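Step one of this worksheet: look at the structure below.
Proteins come first, then strands; the chains are lettered A, B, ... in the order of their sequence lines, and each starts at number 1. Just so it is clear, the model here is predicted, and its values are computed rather than measured.
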Protein chains: 2
Amino acid sequence: MKPFHSYQNPSLAVDLAVFGYSKQTLSVLLLNRKEEPFKDRWVLPGAFLQMEERFKDTCSRVLKTKLGMDDVYLEQLYSFDEPDRDPRGRAISVAHYALVNPARVAIAAGSMANDVSWFNINELPALGFDHDIIFQQALQRLRSKITYFPVGFELLDDLFTMPELHELYECILDTSIDRRNFRRKILDSEYIINTGKKREGSQNRHPDLYKFNKKLKKNSFQINI
Amino acid sequence: MKPFHSYQNPSLAVDLAVFGYSKQTLSVLLLNRKEEPFKDRWVLPGAFLQMEERFKDTCSRVLKTKLGMDDVYLEQLYSFDEPDRDPRGRAISVAHYALVNPARVAIAAGSMANDVSWFNINELPALGFDHDIIFQQALQRLRSKITYFPVGFELLDDLFTMPELHELYECILDTSIDRRNFRRKILDSEYIINTGKKREGSQNRHPDLYKFNKKLKKNSFQINI
DNA sequence: TATCTTTGCGTCAGATTAACACAAAGAGTA
DNA sequence: TACTCTTTGTGTTAATCTGACGCAAAGATA
């Protein structure tokens, strides 16, 4: 299908800030480019829109084919339109961010495997294109979102303990949060449910296992960490 | 310049939810379409991106040429990509919202004049395209934003009174707010400055005139209405 | 049984907020 | 001038929320 107005449109792409949390570290997934421009530089994964694709379709395609991931939390972030953001020509990027549990996704071990890697968000290399800016904005959005909406569980296993959730928040917000006050706020918000089970194996007291409360009314949720 | 990858791109446009506040009413600017599709229906103003234009450029062009407006507050909202949102073919819209003071902008009295009109946001007709959705999202964003960031003054005159600001908040948030508590929060936030002058002419006590504090550090601002 | 660490639960003072009282200012009117 | 009516500016108080912290229960080890 041709565009129905006169001038030649810019290229249209999505870029993805894929966040993962593992071993008390928040990481982002980067791709090592094998072609110009920005050959050998690390960039956010992305792709051009294909015929009839919606943004989320393109994102899912990238997540599936390049990274072997299915069913991840995805949110549109912002559209970037600096004319010179891609040296090949005018290209517009509709940036998204994704939250995944790295334990659940095995990065596809294909030919790409060596070109994809998790990076601690505090130890990022300089990225190609305008991806530094996109990443910073994604991180800011994640930090803002998690303080008032329960997206944290997207990064954890189905069952998780209170100390695990607590550490996740401290890690994402890069601040220390009083353990006991955190517990109270989270429990008051009713966004998690105590399963009655306990996480076994640790040396000390075995913490309760919680699960996310899926019946939570979307608008009733409000924490202020 | 041609796009540097293989397939034919969708059309790219911006749509604008232009909010105005006047006489204790929050309004949005609508355009009456004179062509198919959606002939004779009201829609948000918008335009296709022209060569080398950035989103904000296109927005400014629409505001200037169709509405005769300059220098308005503008913020990117969201990008809409439903494949059938435009019956003419695939078109992507990067929606923005704008805040203007209707008293300061005279809607251009050209051939378009009869086709442009302010509508009370509570009395909107059914809009063409997917503009109902875009508008609702814009309204939601405005409501959310105004509770934590001082954008209200964009809708008012340079000098305004506390009751005027108070009414604006009540109108936008569609709720009643205790006058005295509101005053305290706003003053504590230091985002407005008492000019010492008073608004004359009213029958009763003459209220103080305030102005926006432009030296306010962007990140220090935080109200919770 | 004692010790060490982690986890769960509770307390309390200080800060914030909501609800409300009241006086001052301005204009009209007897 | 004195009184009324309405609006605006300021303060008070009780309820609520938040941050800081104490302490005991649970589990493993010595």
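- Residues passing the ring-ring contact (aromatic ring centres under 6.0 Å, His included) test with B/F153, sequence neighbours excluded: B/F212.
- Computed from coordinates, the B/F182 CZ to C/dC20 C1' distance equals 19 Å when rounded to whole Å.
- Spacing between atom CG of B/D178 and atom P of D/dT13 amounts to 17 Å, rounded to whole angstrom units.
- Using a 4.0 Å cut-off on heavy atoms, the residues of residues 156-163 of chain A that approach DNA chain C are A/M162, A/P163, listed by number.
- Taking atom CG on A/L187 and atom C1' on C/dG8, their separation rounds to 10 Å, with Å as the unit.
- Spacing between atom CG of A/D208 and atom C1' of C/dC9 amounts to 12 Å, rounded to whole angstrom units.
- Residues satisfying the salt bridge (Lys or Arg N to Asp or Glu O under 4.0 Å) test with B/R199, not counting sequence neighbours, are B/E164.
- Between B/K185 and C/dT16 there is no side-chain N or O to OP1 or OP2 distance below 4.0 Å.
- Side-chain contact between A/L139 and A/L26 is present, with at least one heavy-atom pair separated by less than 4.5 Å.
- Qualifying ring-ring contact (aromatic ring centres under 6.0 Å, His included) partners for A/H166, counting only residues two or more places apart in sequence or in other chains: A/F182.
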Given protein heavy atoms under 4.0 Å, the one-letter contact record of nucleotides 21-30 of chain C, with B base, S sugar-phosphate only and - none, is simply B--BBBSS--
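- In this structure, A/N181 atom CG and C/dC9 atom P are separated by 15 Å, rounded to whole Å.
- Annotation: A/I193, atom CD1; neighbour count of heavy atoms from other residues, nucleotides and ligands within 6.0 Å is above 12.
- The side chain to side chain donor-acceptor pair (under 3.5 Å) search around A/R179 returns none, not counting sequence neighbours.
- Look at NE2 on B/H166: it is 12 Å from P on C/dA18, rounded to the nearest Å.
- Judged by closest nucleotide on DNA chain C, A/Y210 is the one of A/Y210 and A/R184 placed further toward the 5' end.
- Judged as a salt bridge (Lys or Arg N to Asp or Glu O under 4.0 Å), and not counting sequence neighbours, A/R41 has no contacts.
- Residues passing the ring-ring contact (aromatic ring centres under 6.0 Å, His included) test with A/H131 are A/F129, sequence neighbours excluded.
- Set against D/dC21, D/dT18, C/dT7, the side chain of A/R183 has C/dT7 as its closest nucleotide.
- The distance from atom CG of B/D188 to atom C1' of D/dT10 is 13 Å, rounded to the nearest whole Å.
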Would you be so kind as to tabulate the donor-acceptor pairs closer than 3.5 Å made by side chains of residues 69-81 of chain B, with sequence neighbours excluded?
residue: B/D70; atom: OD2; partner: B/K64; partner atom: NZ; Å: 2.7
residue: B/Y73; atom: OH; partner: B/E75; partner atom: OE1; Å: 2.7
residue: B/E75; atom: OE1; partner: B/Y97; partner atom: OH; Å: 3.0
residue: B/E75; atom: OE1; partner: B/K145; partner atom: NZ; Å: 3.3
residue: B/E75; atom: OE2; partner: B/R141; partner atom: NH1; Å: 3.3
residue: B/Q76; atom: OE1; partner: A/S79; partner atom: N; Å: 2.8
residue: B/Q76; atom: NE2; partner: A/S79; partner atom: O; Å: 3.1
residue: B/S79; atom: OG; partner: A/S79; partner atom: OG; Å: 2.6
residue: B/D81; atom: OD1; partner: A/R54; partner atom: NE; Å: 3.2
residue: B/D81; atom: OD1; partner: A/R54; partner atom: NH2; Å: 2.8
residue: B/D81; atom: OD2; partner: A/F55; partner atom: N; Å: 2.5

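- C/dT16 atom C1' lies 16 Å from atom CD1 of B/I186, rounded to whole Å.
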